[in-house]
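What follows is a short report on a single structure.
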Amino acid sequence: MIVMKFGGTSVGSADAFVQVAAVVQAAAERAAAQGTPGVVVVTSAMSGVTNLLIQAAERAARGDERFHREQQATLLLKHQGVAGQLVAEGSERAALTNTFEQRLGEFDRLCSSIAVLGELTLRGVDVVSGLGERLAAPLLAAVLRAAGLRAEAIEATELIVTDAVFGSAAPLDDLTGQKCRARLLPLLRNGVVPVVTGFIGATVDGIPTTLGRGGSDYSAAILGAALDADEIQIWTDVNGVMTADPRIVPNARSLQELSYEEVAELAYYGAKVLHPKTVTPAIAKNIPVRVLNTFEATHPGTLIVEKARAESHGTVKAVTAIRSMHLITVAGRGMMGVPGIAARTFGAVARVGANVLMISQSSSEQSICFVVPDSSAAAVVNALQTEFRRELEHQQIDAIQPRGSINILAVVGSGMRGTPGLAARVFAAVAQAGINVIAIAQGSSEVNISLVVVDEDVVPALRAIHDIFELHLPTSQRTHRALPQ
Ligand code: ADP
Ligand code: ASP
Ligand code: MG
């Protein structure tokens, strides 16, 4: 059995829905021919819809009562447009229209309440932003039925039980596993394709949650693990995981195979093609993950497995960037030799729930610097000022400095382990491009070298690193150029 997840672009237009139907039909036929129990489909919202829903909720919270009403009409038109082209007029279409109107009625009532309250909680954002998948799943199920398959739309609130961390909820594995098996296995046995909403879940008490932006990938992996799937397929708009984001590095090429570890690093450091948590459930059950292109379905894409046979063990595999970061520096000559400064620093950071993406400490112990997302920078600085009030007064610590417009570049590849000279090549590449590196770190896993650069240097740095390692060439054709003088 396979779980197939389709992203926003893959369900972005009537033409895209036609591609998806063809891909699902082919997979269902293969499964039937092999006598295996079939296919589970997971869908994202149509592209652009989640952003629009969130924007509407935010504007409602600022007292704007008009925007969400206008968007209600736009959203109805967008979904009806696909239904009009692909679902025959009659009872199917009428039922679908009815579903859209119900969901959009919910959207209107939610945004109106948000406007009355004048505030938007994370819990409120989750209810509103999950509506996109709840519109797309019934539409995709109807399109699959129109293509001759038996399909049924299912809301993941029935399947994925999560904690109550709104905005980035985590699944409770045992409950989720039980619910998935009880609800989905009978359908599969009867030859029905379940079409499940990505991105959303619900707490034990039934309160809607989301798994975080881009979370439909994670949904597919959660379902795959719960059902012991043979494969989890992520269908998107590029030919698998590539050596860099092809929108930034035009000559990036697809990677045939990667390890879970490599993909986890790439996704964590900004490769949007997969949600960072996607491989976690797959690792637990050792299920292969394949990233494929809905619009070029015959391309083999990327296979992600436990130990990549590592495309003839190329050293550096890919380069990625994560943006919108702040670098926080805690500095002072009085810090030298004072035990516990680092522990207190990260204790304070942890208390405000900030995610630290990179740490670098100078050997002289006169400063510690680390990188956090823009959204938590102010809270982190506040927490540190409180923690170190006395040290600041006595000038043991001179300053707690936040610096914005920061980005982390990550150079990733498991073959980097124990290969000397790689860091030198990375820095030679960026130096030749005239780029100033603000901080560096090498992950303890040794599959990642990270460097911090300012906004305007991101694109040239990514291209320079991609070039120096000749990532646009198949591994066998790379020259392993010597260090430039
Ligand atoms: P979906 O809607 O299918 O989930 P996303 O937009 O979330 O798709 O992710 C696919 C996009 O990720 C690609 O269009 C590409 O621009 C971007 N991307 C970033 N880094 C990479 C990479 N290393 N390999 C492939 N795509 C990448
Ligand atoms: N629709 C959600 C988002 O835009 C989830 C996803 O696409 O994976 O974040
Ligand atoms: Mg995505």
Side-chain angles (χ1 to χ4, degrees), residues 4-13 16 19-20 23 42-55 75 125-126 128-137 140 156 160 167-169 196-201 209-222 233-256 258 262-278 289 291-296 299 301-302 304 316-323 409-413 458-459 462 465-466 471-472:
M4 313 174 85
K5 174 262 172 176
F6 295 90
T9 332
S10 301
V11 293
S13 65
Q19 298 292 329
V20 170
V23 167
V42 175
T43 184
S44 290
M46 290 182 75
S47 61
V49 168
T50 312
N51 285 345
L52 202 143
L53 293 166
I54 294 172
Q55 202 190 346
L75 288 168
V125 177
D126 275 4
V128 176
S129 62
L131 282 163
E133 275 68 13
R134 296 177 58 215
L135 288 160
L140 180 54
I160 299 180
S168 64
V196 182
T197 54
F199 187 45
I200 62 175
T209 54
T210 69
L211 307 174
R213 292 307 306 270
S216 299
D217 303 326
Y218 190 25
S219 308
I222 293 167
Q233 297 184 346
I234 306 295
W235 290 83
T236 183
D237 58 0
V238 285
N239 287 332
V241 183
M242 305 180 76
T243 49
D245 184 343
R247 289 184 214 186
I248 298 175
V249 183
N251 63 358
R253 54 182 277 281
S254 318
L255 292 155
Q256 271 172 33
L258 285 171
E262 288 169 325
V263 157
E265 292 282 331
L266 283 172
Y268 189 73
Y269 287 101
K272 190 187 169 216
V273 64
L274 281 180
H275 183 279
K277 292 186 193 160
T278 309
V289 178
V291 183
L292 295 150
N293 189 348
T294 304
F295 307 97
E296 199 181 325
H299 192 285
T302 303
I304 302 159
V316 169
K317 294 272 181 58
V319 56
T320 183
I322 186 161
R323 300 174 187 248
L409 260 57
V411 185
V412 172
V458 175
V459 172
L462 283 171
I465 296 169
H466 198 266
L471 297 182
H472 60 288

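As the structure lists them, so they are numbered: ligands from 1, and atoms in each ligand from 1.
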Starting from atom 13 (C) of ligand 1, locate the nearest protein heavy atom and write down its residue, its atom name and how far away it is, to 0.1 Å.
Asp237 OD1, 3.5 Å
I'd like to check which ligand 2 atoms, numbered from 1 as shown, lie under 4.0 Å from a non-hydrogen atom of Phe199.
2 (C), 5 (C)
Just to confirm my output: which protein heavy-atom neighbour is closest to atom 2 (O) of ligand 1, and how far is it?
Gly8 N, 3.0 Å
Under 4.0 Å from any heavy atom of Ser44, which atoms of ligand 2 are there?
6 (C), 7 (O), 8 (O)
Between Ser13 (side chain) and Ala16 (backbone), is there a donor-acceptor pair under 3.5 Å?
yes
Criterion side-chain hydrogen bond (donor to acceptor under 3.5 Å, both in side chains) on Asn239 and Ser254, from CA distance to verdict:
CA-CA 6 Å; Asn239 287 332; Ser254 318; 4.7 Å; no
Quick check for you: to the nearest 0.5 Å, what is the distance between Thr278 atom OG1 and Ile222 atom CD1?
9.0 Å
Heavy-atom contact under 4.0 Å between Glu133 and ligand 2?
yes
CD1 of Ile200 to OG of Ser216, rounded to nearest 0.5 Å, is 9.0 Å
Does ligand 2 have an atom under 4.0 Å from some heavy atom of Gly198?
no
Contact partition for Lys5 relative to ligand 1, non-hydrogen atoms under 4.0 Å:
side chain
Considering only heavy atoms of Arg213, which atoms of ligand 2 have at least one such atom less than 4.0 Å away?
3 (C), 4 (O), 9 (O)
Determine yes or no for a side-chain-to-main-chain donor-acceptor pair under 3.5 angstrom, with Thr302 supplying the side chain and Leu255 the backbone.
yes
Does His466 form a side-chain contact (heavy atoms from CB on, under 4.5 Å) with Leu471? I'd like the steps, not just the answer.
CA-CA 5 Å; His466 198 266; Leu471 297 182; 3.5 Å; yes
What's the shortest distance from atom 12 (O) of ligand 1 to any protein heavy atom, and which residue and atom give it?
Val273 N, 3.5 Å
When you measure from atom 17 (C) of ligand 1 to each heavy atom in Val319, Asp245, Thr243, Val412, which option holds the nearest one?
Asp245
Find the distance between CG (Leu211) and NE2 (His275) and round it off to the nearest 0.5 Å.
7.0 Å
Walk me through whether Thr210 and Asp126 qualify under side-chain hydrogen bond (donor to acceptor under 3.5 Å, both in side chains).
CA-CA 6 Å; Thr210 69; Asp126 275 4; 2.8 Å; yes
Counting N and O atoms only, with roles assigned by atom type, does the side chain of Ser129 sit under 3.5 Å from a partner on the main chain of Ile54, one being a donor and the other an acceptor?
no
Protein heavy-atom partner closest to atom 3 (O) of ligand 1 - residue, atom, separation in Å:
Thr236 OG1, 2.7 Å
Please could you name the atoms of ligand 1 that Ala271 approaches to less than 4.0 Å, counting only its heavy atoms?
20 (N)
Protein residue, atom and distance nearest to atom 24 (N) of ligand 1, heavy-atom basis
Met242 N, 2.8 Å
Backbone of Ala137 reached by a side-chain donor or acceptor of Thr197 within 3.5 Å:
no
Quick one: does Ser254 get within less than 4.0 Å of ligand 1, heavy atoms only?
no
Pull out every atom of ligand 2 sitting under 4.0 Å from any heavy atom of Thr50, numbered as shown with elements.
1 (N), 2 (C), 3 (C), 4 (O)
CD1 (Ile322) and CG (Leu409) are apart, to the nearest 0.5 Å, by 11.0 Å
Find the distance between CZ (Phe295) and OG1 (Thr236) and round it off to the nearest 0.5 Å.
8.5 Å
Run the contact test for Ala244 against ligand 1 with a 4.0 Å cut-off on heavy atoms, strictly below, and give the result.
yes
Atom 6 (O) of ligand 1 has as its nearest protein heavy atom Lys272 NZ, 2.9 Å
Any nitrogen or oxygen of Gly270, main chain or side chain, under 3.5 Å from a nitrogen or oxygen of ligand 1?
no
Would Arg247 count as being in polar contact with ligand 1, using the rule that some N or O on each side must be under 3.5 angstrom apart?
yes
Thr43 side-chain N/O to Ala136 backbone N/O, donor-acceptor pair under 3.5 Å
no
Identify, by atom number and element, the atoms of ligand 1 in contact range of Val241, meaning under 4.0 Å from any of its heavy atoms.
24 (N)
Proximity flag Val238 to ligand 1, non-hydrogen atoms under 4.0 Å:
yes
For atom 6 (C) of ligand 2, closest protein heavy-atom neighbour
Ser216 OG, 3.3 Å
Please verify whether a non-hydrogen atom of Gly7 lies at under 4.0 Å from ligand 2.
no
Is it the case that the side chain of Ser47 and the backbone of Gly12 share a donor-acceptor pair, with hydrogens and angles ignored and the cut-off at 3.5 Å?
no
